[in-house]
Amino acid sequence: MPQDFDPGRDYARARDRDASVDLDDRFEVPDKVYLDGNSLGPLSIDAEEALEHVIDEWRTLGIRGWTDADPPWFHYGEHIGERLAPIIGTDAGEVVAANSTTVNIHTLIGTFLDRCAQEGRGQAVLVNDLDFPTDHYAIRGQLRTRGLDPDDYLIVVESDDGRTIDQASIATALETHDDIGIVFMPAVFYRSGQLFDLAKITDLAHAHDAYAGFDLAHSIGVVPHSLSDIGVDFAVWCTYKYLNAGPGAIGGLYVNRDYHGDPPGLPGWWGHDKETQFEMNLTFTPADSAGAWQIGTVPVLSAAPLLGVLDLVDSVGIDAIRAHSVALTDYLIALVDERLPDCEVGSPRAPDRRGGHVAIEHPEAYRVSEALTAEGVVVDFRPPNVVRLCPSPYFIGFEEIWTAVDILEKIIDDRAYDRFEPRGGGVT
């Protein structure tokens, strides 16, 4: 709990006046309180301007945009990679904006499974039972293509509480199974918001002759990383959550420079060496950088908004964004404890173990989330009982958190959620 915490609105307003990050005037937020930025960030003026810039280049340059645009579209993924590198603590050539998260998992898991086979390492992949499902779908697919039964080669660390994974369980799995070649974990759990210690997991993996890879979807843009310094082998992420790059925006990947020149698991012409790409050779020559893991032509229109958002990140600094995020989630947890006795915080309380959102647990979580949305407070539901509230440090302030909790308290006290139907299908 913040040392000077007060549950009143005036306290929240005072915290907003003293906030070190103030970017909310750069965003077009569509609702009263938008607490779903960990699923899709809203449009910023900067993202819109960057997209309009590319559209104007398309209008005036046509195909010459590949060479004459600013930056040239031919090197667009690499250019964005250079901008992303400081946020995740890597060298520029180790990062590229490319593909989507799931595609990047396919190509990188495939790449490192091939390395495992060539080097005589184990070929099992260590994951956990709280992962976002697409991670398992992709890994199972890559195992099957290599004739490996996923039921035997996908090793799953189980959660003790349904919320978090004890990192000691990862160590136990590595000690128990001598055929693990890759450890693949999220940096932040999508449901509970647990933040992993990437350095410790990387050291554990390497100590057991395994590669360490991470899914940064729920950390990039809100948690700074030092991937190169701690020796992470590879990572993937999306950019439409905390980086606010728009629906379906381009994904990103990191490959440690030790593996540059390796053949990608899913080679494609955009990952070819740029100097000879248009010689149209039928033999693939990978770029000597993370750019080799690009597959198809860079989708410039779905990448451009990210450049605008990265201007915002640079203007404040990722460390300041993280500090503000911690202050916001600390405040949210304190308010829940104070005002919502029927709810339980399902996220780690220690800031160094928590990402950028807070999981609020309630038996009627789905209908509660529907009631909140009807009141202009946009959240999302994750089964079985979690309402996720994300006070994105880019555009959410303390008073908006206060307003959301105030509305949530009334919904629960009045059982206003009773007028909503139980969960059906569709997007949540």
Side-chain angles (χ1 to χ4, degrees), residues 1-7 9-29 33-47 83-84 86-89 187-188 193-195 216-226 237 239-245 306 308-337 345 347-360 377-379 388-405:
M1 178 179 292
Q3 289 185 348
D4 59 346
F5 172 75
D6 183 297
R9 185 191 288 268
D10 288 345
Y11 170 84
R13 289 174 173 167
R15 291 293 301 273
D16 280 333
R17 287 194 295 270
D18 296 336
S20 59
V21 176
D22 184 13
L23 297 173
D24 60 307
D25 63 340
R26 305 299 300 173
F27 285 84
E28 302 285 347
V29 181
V33 183
Y34 191 83
L35 293 175
D36 210 5
N38 58 329
S39 284
L40 177 65
L43 177 68
S44 67
I45 295 170
D46 306 80
R83 299 287 306 278
L84 286 166
I87 296 175
I88 57 174
V188 171
Q194 178 189 3
L195 173 63
L216 310 184
H218 284 272
S219 65
I220 191 165
V222 74
V223 177
H225 293 297
S226 301
W237 58 85
T239 63
Y240 48 77
K241 300 182 188 298
Y242 292 102
L243 286 176
N244 308 292
L306 180 56
V309 179
L310 289 173
D311 288 340
L312 286 179
V313 177
D314 290 347
S315 71
V316 177
I318 188 63
D319 290 329
I321 289 169
R322 171 61 176 165
H324 189 46
S325 174
V326 168
L328 291 168
T329 52
D330 276 347
Y331 174 65
L332 172 55
I333 290 171
L335 272 185
V336 172
D337 289 343
V345 174
S347 300
R349 290 175 176 272
D352 63 352
R353 297 187 59 238
R354 187 178 68 243
H357 73 270
V358 176
I360 307 299
V377 179
V378 179
V379 297
R388 294 193 307 180
L389 279 68
C390 175
S392 172
Y394 293 85
F395 53 86
I396 291 293
F398 293 90
E399 187 173 7
E400 287 161 304
I401 295 173
W402 187 94
T403 298
V405 172

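Counting only heavy atoms from C-beta outward, the side chains of Tyr34 and Leu40 approach each other to under 4.5 Å. For the pair Val223/Leu195, a side-chain contact is recorded, criterion being any heavy-atom separation below 4.5 Å from C-beta on. Proximity of Leu332 to Val405: side-chain heavy atoms (C-beta onward) are separated by under 4.5 Å at one or more points. Leu243 is listed as a side-chain neighbour of Leu84, based on a closest heavy-atom distance under 4.5 Å. Counting heavy atoms from C-beta outward, Pro351 and Asp330 have side chains that approach closer than 4.5 Å.
Among all heavy-atom pairs drawn from Pro393 and Leu328, the shortest one is CA-CD1, 3.8 Å. Closest approach of Val326 and Arg354 over heavy atoms only: O-NH2, 3.8 Å. His357 and Tyr242 get closest at one heavy-atom pair: N-OH, 3.5 Å. For the residue pair Thr329 and Gly356, the shortest heavy atom distance occurs at CG2-O, 3.6 Å. When all heavy atoms of Val377 and Ala404 are compared, the closest pair comes out as CG1-CB, 3.9 Å. Between Ile396 and Cys390 the shortest heavy-atom distance is CG1-O, 4.4 Å.
Partners of Thr403 according to the side-chain hydrogen bond (donor to acceptor under 3.5 Å, both in side chains) rule, which considers only residues two or more places apart in sequence or in another chain, do not exist here. Contacts of Arg349 classified as side-chain contact (heavy atoms from CB on, under 4.5 Å), with partners at least two apart in sequence or in another chain: Ile333, Asp337, Val345. With sequence neighbours excluded, the residues satisfying side-chain contact (heavy atoms from CB on, under 4.5 Å) with Ala187 are Leu198, Leu216, Ser219, His225. Ser44 is linked by a side-chain contact (heavy atoms from CB on, under 4.5 Å) to Phe27, Asp46, Ala47, Val309, Leu312, counting only residues two or more places apart in sequence or in another chain.
Put simply, CG on Asp10 and CZ on Arg15 are 14.0 Å apart, with the number rounded to the nearest 0.5 Å. The distance from the CG atom of Leu335 to the CH2 atom of Trp402 is 9.0 Å, given to the nearest 0.5 Å. Between Ile220 atom CD1 and Ile318 atom CD1 the span is 8.5 Å, to the nearest 0.5 Å. Separation of atoms CZ (Phe395) and CG (Leu35) is listed at 8.0 Å; rounding is to 0.5 Å.
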The test is side chain to side chain contact (heavy atoms under 4.5 Å, CB included); show your working for Val313 and Ile87 and say whether it passes. CA-CA 9 Å; Val313 177; Ile87 296 175; 3.8 Å; yes
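The aromatic rings of Tyr331 and Tyr11 sit tilted, their planes meeting at an angle between 30° and 60°.
Screening residues 314-326 for salt bridge (charged side-chain N to carboxylate O under 4.0 Å, His left out) gives Arg83-Asp314 as the qualifying pairs, with residues at least two apart or on separate chains.
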Pairs under 3.5 angstrom only: tabulate donor-acceptor contacts from the side chains of residues 16-25 to other protein residues two or more places apart or in another chain.
unit_1	atom_1	unit_2	atom_2	d
Asp16	OD1	Phe398	N	2.7
Asp16	OD2	Phe398	N	3.4
Asp16	OD2	Glu399	N	3.0

